[in-house]
Amino acid sequence: FLEATAREPPTSALVVGVDHLELLEATARVAGTCTAIAHSRRAAQAARSYAEREEFSCNVLLAASGEALSSKDLERAGGSFDAIVLDRFRATSGALAAMLNAARGALAPGGRLWLFERYESLESPRERVVEHPIARVRRLLIEAGLACERLRPIEADGENVLAAVAALRAITSTTTGVA
């Protein structure tokens with residue numbers, strides 16, 4: 001997936017969420033260096049064991065606070081990244097908007113963000129106005145300062161998932177001058 005959507009292989013990648021180990025492996029094998037943030041000790045242990053067994057390199061860190069992505073997590077992961085993968089296949093809580101904003105801050109210029117979000121987690125029956133999940137992802141990406149390059153529903157592991165690729169949005173300034 002990274003090879004198909006990246007202009008060139010990333011030199012550094014960050015994977016947030018490690019429940020989908022094949023996604024972690026695919027990212028680690030393409031990127032020069034890979035860091036992953038696991039949201040539980042059990043997930044971190046499973047990711048480390050899987051990386052060792054499948055013989056790929058990835059530094060797996062335990063998240064500071066549950067399923068959120070904090071500035072402390074990003075500091076520990078180090079610097080900015082050419083590729084950030086948000087694996088939210090199994091996410092049950094945690095605000096997507098906050099995670100996108102945090103990830104945007106760690107995305108290097110020219111880098112790409114890949115988002116994998118369960119379709120049903122984007123449906124909000126409690127709200128009065130129901131927003132279509134695809135429209136919601138587009139809106140959240142824009143609000144986070146990201147430009148959506150690709151967005152499509154896929155079926156993975158028997159679940160319906162929305163997969164998106166985004167980049168930092170170009171900031172345009174308009175100046176009006178009086179002659």
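The basis for the numbers below is simple: all heavy atoms, side chains too, and nothing from hydrogens, waters or symmetry mates.
Side chains of L146 and L107 form a contact here, defined as non-hydrogen atoms less than 4.5 Å apart. L113 places a side-chain heavy atom less than 4.5 Å from the side chain of L100. The shortest distance between side-chain heavy atoms of V137 and L151 falls below 4.5 Å.
Smallest separation of non-hydrogen atoms from A63 and H39: CB-ND1, 3.7 Å. The two atoms that bring R138 and C148 nearest to each other are NH1-SG, 3.8 Å, heavy atoms only. Considering every non-hydrogen atom in both I84 and A103, the closest pair reads CD1-O, 3.3 Å. Across all non-hydrogen atoms, the minimal contact from A43 to A38 is C-CB, 4.0 Å. The two residues A64 and D73 come nearest to each other via the heavy atoms N-OD1, 2.7 Å. The two residues A108 and D82 come nearest to each other via the heavy atoms CB-OD1, 3.8 Å.
L23 and L61 fall into different hydrophobic clusters, where Ile, Leu, Val, Met, Phe, Trp and Tyr are joined by side-chain heavy atoms under 4.5 Å apart, directly or via other members. Both V161 and L21 are assigned to one and the same hydrophobic cluster, defined by single-linkage of ILVMFWY side chains at heavy-atom distances under 4.5 Å. Connection of L24 to V165 is established within a shared hydrophobic cluster, with ILVMFWY side chains joined at heavy-atom distances below 4.5 Å, either directly or through further cluster members. Under the 4.5 Å side-chain heavy-atom criterion for Ile, Leu, Val, Met, Phe, Trp and Tyr, L96 and L141 are members of the same hydrophobic cluster. Hydrophobic clustering (ILVMFWY, side-chain heavy atoms < 4.5 Å, transitive): F56 and V15 are in one cluster.
Remark: side-chain polar atoms of R169 are not paired, donor with acceptor, to backbone N or O of A147 under 3.5 angstrom. Side-chain atoms of R152 never come within 3.5 Å of backbone atoms of A163 as a donor-acceptor pair (strictly under, hydrogens ignored). The backbone N or O of H20 sits less than 3.5 Å from a side-chain atom of D87, completing a donor-acceptor pair.
Annotation: the span from Y50 atom OH to E22 atom CD amounts to 4.5 Å, rounded to 0.5 Å. How far OG of S71 is from CZ of R76: 11.5 Å, rounded to the nearest 0.5 Å. If you take SG on C34 and CD on E25, they are separated by 10.5 Å, rounding to the nearest 0.5 Å. In this structure, CG in L14 is found 7.0 Å from CG in L69, a value given to the nearest 0.5 Å. Going from atom OG1 of T27 over to atom CZ of F81 covers 12.5 Å, rounded to the nearest 0.5 Å. Residue R53 holds its CZ atom at 11.0 Å from CD of E55, rounded to the nearest 0.5 Å.
Among I154, L115, I134, the single residue meeting the side chain to side chain contact (heavy atoms under 4.5 Å, CB included) criterion with L162 is I134.
Taking the charged nitrogens against the carboxylate oxygens, R139 and E143 do have a contact shorter than 4.0 Å, which makes a salt bridge.
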TODO: Mind running side chain to side chain contact (heavy atoms under 4.5 Å, CB included) on F116 and V85 for me, showing each step along the way?
DONE: CA-CA 8 Å; F116 298 93; V85 177; 4.0 Å; yes

Task: Chi angles and distances behind the side chain to side chain contact (heavy atoms under 4.5 Å, CB included) call for R118, N160 - done: CA-CA 6 Å; R118 288 180 314 136; N160 292 316; over 6 Å; no

TODO: Tell me, with the steps shown, if T35 and N59 meet side chain to side chain donor-acceptor pair (under 3.5 Å).
DONE: CA-CA 5 Å; T35 302; N59 181 27; 4.6 Å; no

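Taking a 6.0 Å sphere around CD of E54, one finds it holds more than 12 heavy atoms contributed by other residues, nucleotides or ligands.
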